[in-house]
Protein chains: 2
Amino acid sequence: MLIDTWQAWDAAGGGFEQCPIRNVLDRLGDKWSILIVMRLAIKPCRFSELHRQVPDISKRMLTLNLRNLTRDGMVLRTVYPTKPPSVEYSLTPLGRSILVPLGGLVQWADERFPEIRGNREQFDRQDAD
Amino acid sequence: MLIDTWQAWDAAGGGFEQCPIRNVLDRLGDKWSILIVMRLAIKPCRFSELHRQVPDISKRMLTLNLRNLTRDGMVLRTVYPTKPPSVEYSLTPLGRSILVPLGGLVQWADERFPEIRGNREQFDRQDAD
DNA sequence: CGGGATCCAGAACGATACTG
DNA sequence: CAGTATCGTTCTGGATCCCG
């Protein structure tokens, strides 16, 4: 039943660029979006505060990711016309709603990663023979 | 509580390359892994059959993705020494176990994508002003 | 049949400098 | 403060040819 979604799009000839899974995963798959969403899940945050809290992200990437998330309606961008300007980012209801399925994936990753790491080491040892 | 995993890794100084979420999402985020897992969830499959069923994937990418999934222990690679050789790929228990959290994400994507698409269109219209 | 090796295009990403 | 602009790098994925 998991595959049905994809096959339905396949059969419909809608093109895979329009497939919901493809679109969602393209966003989640990039390097920073999830980090940003997770930070904003704790509390709304200003640009520079986010920049400090998300480790090693460049201003450029923070800007681009925030724009994409805002475009998708996952993040709300609020500008306060102070001087100098301050901008606060927060999760929309849509943004918060993804925390649920995301939580399941995070839990899976946590539980299974030791196993995965072990598999990789074993695989790489065989490869070295 | 979702962020805790990441912050724990942050605090532990383990380096983000060792973070379970990063590792799992790097795999799921690439263009084909999920497709392949979903196909194999239906039934075990040989290389050329997979190549036909996963739309538009190149042999190169199919090979690379299958190797990564095999390395992680998500996929089992079985070689039958026939002539010409035949190789069957199937999901391991680990590979099947990710179908559960993945299902949650797929459901979310299906339910929310129309909303996301609408948000994008609206955003792009404002941008054009 | 099931790949491996090589080359190449484009996208993602990073560093730095600059701006209202 | 909150970005933009530009450049260079790295990484992903596709095309093609080759191999046992």
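Because the structure is a prediction, the values reported are computed rather than measured.
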Query raised in the report: Atom CG of B:D30 to atom C1' of C:dA11: distance rounded to whole Å?
Result: 15 Å

Query - Side-chain N,O (B:R77) to OP1/OP2 (C:dG3) below 4.0 Å - result: yes

Report task. Pick base, sugar-phosphate or nothing for B:Y89, based on heavy-atom distances below 4.0 Å to the nucleic acid. Result -> sugar-phosphate

Report task. Check whether any side-chain nitrogen or oxygen of B:K31 sits under 4.0 Å from OP1 or OP2 of D:dG14, and answer yes or no. Result -> yes

Report task. Check the distance between C:dC1's C1' and B:L66's CG and give it to me in whole angstrom. Result -> 14 Å

Report task. Looking only at side-chain atoms of A:F47, point me to the closest of C:dG4, D:dG20, D:dG3. Result -> D:dG3

Query raised in the report: Considering only C:dC1, D:dG14, C:dG3, which nucleotide approaches the side chain of B:P84 most closely?
Result: C:dC1

Report summary line: Comparing nearest nucleotides in DNA chain C, the 5'-proximal residue of the pair A:W32, A:P85 is A:W32

Requested in this report: Counting heavy atoms from C-beta on, name the nucleotide in D:dC1, C:dG4, C:dG2 closest to the side chain of B:R67.
Outcome: C:dG4

**Report entry** Check: B:N65 side chain, B:M61 main-chain N or O, donor-acceptor pair, under 3.5 Å
**Finding:** yes

Requested in this report: Could you tell me whether the phosphate oxygens of C:dG2, OP1 or OP2, come under 4.0 Å of any side-chain nitrogen or oxygen in B:S48?
Outcome: yes

Query raised in the report: Is a side-chain N or O of B:H51 found less than 3.5 angstrom from the main chain of B:S58, in a donor-acceptor match?
Result: no

Query raised in the report: side chain to side chain contact (heavy atoms under 4.5 Å, CB included) with B:I34: which of B:L102, B:L105, B:V106?
Result: B:L102

Query raised in the report: Between B:G29 and A:T63, who's closer to the 5' end of DNA chain D by nearest nucleotide?
Result: A:T63

Query raised in the report: Looking for any heavy atom pair under 4.0 Å, which part of the strands does A:K83 touch: base, sugar-phosphate only, or nothing?
Result: nothing

Report summary line: Whole-Å distance, B:E88 CD to C:dC1 C1', equals 14 Å

Query - Separation of atom CE in B:M61 from atom P in C:dG4, rounded to whole Å - result: 12 Å

Report task. Just compare D:dG13, D:dG3, C:dG2 and give me whichever is closest to any side-chain atom of B:K59. Result -> C:dG2

Query raised in the report: When the distance from CG of A:D56 to C1' of D:dT10 is rounded to whole Å, what number comes out?
Result: 17 Å

**Report entry** Distance, rounded to the nearest Å, where A:L50 contributes CG and D:dG3 contributes C1'
**Finding:** 14 Å

Query raised in the report: Does the side chain of A:R60 get closer than 4.0 angstrom to OP1 or OP2 of D:dA2 through an N or O atom?
Result: no

Query - B:R39 side-chain N/O to B:P44 backbone N/O, donor-acceptor pair under 3.5 Å - result: no

Query raised in the report: Starting at CG of A:L62 and ending at C1' of C:dA15, how long is that distance when rounded to a whole Å?
Result: 15 Å

Query - A:Y80 OH - D:dG3 P separation (whole Å) - result: 13 Å

**Report entry** Within 6.0 Å of NZ in B:K83, more than 12 heavy atoms from elsewhere
**Finding:** no

